[in-house]
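What you see is a predicted model, and the numbers here were worked out from it, not measured in a lab.
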Amino acid sequence: KMVLGKAKGNKMERDTAKTLSIWMFDDEHTLKREPTSGAFKYNYCGDIFPMKQINWSNFPFLIETKTGYEQHTPTLWQYSKVIEWFIKATNEGKQHNQHIILLICQFKNKPTLLFTNYQMPIECILPVAIIPIQINGDINWTNVYLFKELLKLNFYDIFGSEITYR
């Protein structure tokens, strides 16, 4: 059963990498899943990052994906696993200058959710939830979006101000 779960996770990472790659770079091959599932560190951390040269001076996104985890499906009362993943991603991102967290979660039979510390323009997209996460004593407001709704928007309309070019 675990092997199946791992295969499912790998597939979700590959699909998400391709989807985000097209959305961000108009090229399905720029972003790739990290082949050793995070064990091997490149210039970036996270499950998905650029595997070829990009003309940005920095890749500010830390992209983590989670799939399955039916027992950790967030509800209004219970989302501690999401908090755990988010804090881990935030701390890794700080060390690698990847300050925008994109935690993409596909829980069983639920729409894919994006948990992020980034505030999207509310005239473009509204969060389905905003959850407080305490990190090192500070409250961080984490916005939750429907991933497929975000992908309908133009990447540069949302994140253009975060990108600097070489």
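Checked by atom type, the side-chain pair Glu162/His99 shows a donor-acceptor distance below 3.5 Å. The closest side-chain donor-acceptor pair between Thr16 and Thr65, if any, does not fall under 3.5 angstrom. No hydrogens or angles considered: nothing links the side chains of Thr73 and Gln71 as a donor-acceptor pair under 3.5 Å. Side chain to side chain, Gln106 and Thr112 meet the donor-acceptor criterion of an N or O pair below 3.5 Å.
Contact check on Glu92 versus Lys88 returns a salt bridge, with a Lys/Arg side-chain nitrogen under 4.0 Å from an Asp/Glu carboxylate oxygen. Salt bridge Lys66/Asp47: absent, no basic N to carboxylate O contact under 4.0 Å.
Annotation for Lys52: atom NZ counts as buried by contact number, over 12 foreign heavy atoms lying within 6.0 Å. At most 12 non-hydrogen atoms from other residues, nucleotides or ligands lie less than 6.0 angstrom from CG of Asp26.
Rounding to the nearest 0.5 Å places CG of Leu150 at 11.5 Å from CG of Asn143. Here the straight-line distance linking atom CG of Leu62 with atom SG of Cys45 works out to 4.5 Å at 0.5 Å rounding. Put simply, CG on Leu31 and OG1 on Thr19 are 10.5 Å apart, with the number rounded to the nearest 0.5 Å. A distance of 6.0 Å separates CG of Asp157 from SG of Cys124, quoted to the nearest 0.5 Å. The line from CZ of Arg33 to CG of Leu20 is 14.5 Å long, rounded to the nearest 0.5 Å. Atoms NE2 and CG, from His96 and Asn91 in turn, are 12.0 Å apart once rounded to the nearest 0.5 Å.
In this structure, Tyr156 contributes its side chain and Ile163 its backbone to no donor-acceptor pair below 3.5 Å. Gln98 contributes a side-chain N or O that, together with a main-chain N or O of Phe61, makes up a donor-acceptor pair within less than 3.5 Å. Checking side-chain atoms of Asn117 against main-chain N and O of Ile101 turns up a donor-acceptor pair under 3.5 Å. At distances below 3.5 Å, at least one donor-acceptor pair connects side-chain atoms of Asn140 with backbone N or O atoms of Asp138.
Follow the hydrophobic side-chain contacts under 4.5 Å out from Ile104 and you reach Ile125 in the same cluster. Phe147 and Phe86 fall into different hydrophobic clusters, where Ile, Leu, Val, Met, Phe, Trp and Tyr are joined by side-chain heavy atoms under 4.5 Å apart, directly or via other members. At a threshold of 4.5 Å between side-chain heavy atoms, the hydrophobic network of Ile, Leu, Val, Met, Phe, Trp and Tyr places Phe107 and Ile131 in one connected group. By the rule that hydrophobic residues join a cluster once side-chain heavy atoms approach within less than 4.5 Å of another member, Val128 and Ile122 end up as members of separate clusters. At a threshold of 4.5 Å between side-chain heavy atoms, the hydrophobic network of Ile, Leu, Val, Met, Phe, Trp and Tyr places Met24 and Ile22 in two separate groups.
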Could you walk me through whether Met51 and Phe49 pass the side chain to side chain contact (heavy atoms under 4.5 Å, CB included) test, one step at a time?
CA-CA 6 Å; Met51 285 293 215; Phe49 50 75; 3.8 Å; yes

Could you walk me through whether Leu113 and Tyr145 pass side chain to side chain contact (heavy atoms under 4.5 Å, CB included), step by step?
CA-CA 6 Å; Leu113 297 174; Tyr145 298 96; over 6 Å; no

How far apart are the C-alpha atoms of Ile87 and Thr90, what are their side-chain angles, what is the distance that settles it, and do they pass the side chain to side chain contact (heavy atoms under 4.5 Å, CB included) test?
CA-CA 5 Å; Ile87 291 172; Thr90 301; 5.6 Å; no

Determine whether Thr116 and Thr142 satisfy the following criterion, side chain to side chain contact (heavy atoms under 4.5 Å, CB included), listing intermediate values before the conclusion.
CA-CA 5 Å; Thr116 181; Thr142 304; 6.0 Å; no

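Here Trp141 and Tyr118 keep their ring centres 6.0 angstrom or further from each other. Within the 6.0 Å centre-distance limit, the rings of Tyr44 and Phe59 are counted as a close aromatic pair.
Residues Ile139 and Ile133 have side chains not in contact (no heavy-atom distance under 4.5 Å, counting atoms from C-beta outward). Within the 4.5 Å cutoff, the side chain of Val144 has no heavy atoms near those of the Pro127 side chain. Residues Pro60 and Phe159 fail the side-chain proximity criterion, which asks for heavy atoms closer than 4.5 Å. The side-chain heavy atoms of Val82 and Phe115, taken from C-beta on, include a pair separated by under 4.5 Å. Looking at Tyr69 and Trp85, their side chains come closer than 4.5 Å, going by heavy atoms from C-beta outward. With a 4.5 Å cut-off on side-chain heavy atoms, Glu64 and Leu102 do not count as touching. For the pair Lys11/Thr67, no side-chain contact is recorded, criterion being any heavy-atom separation below 4.5 Å from C-beta on.
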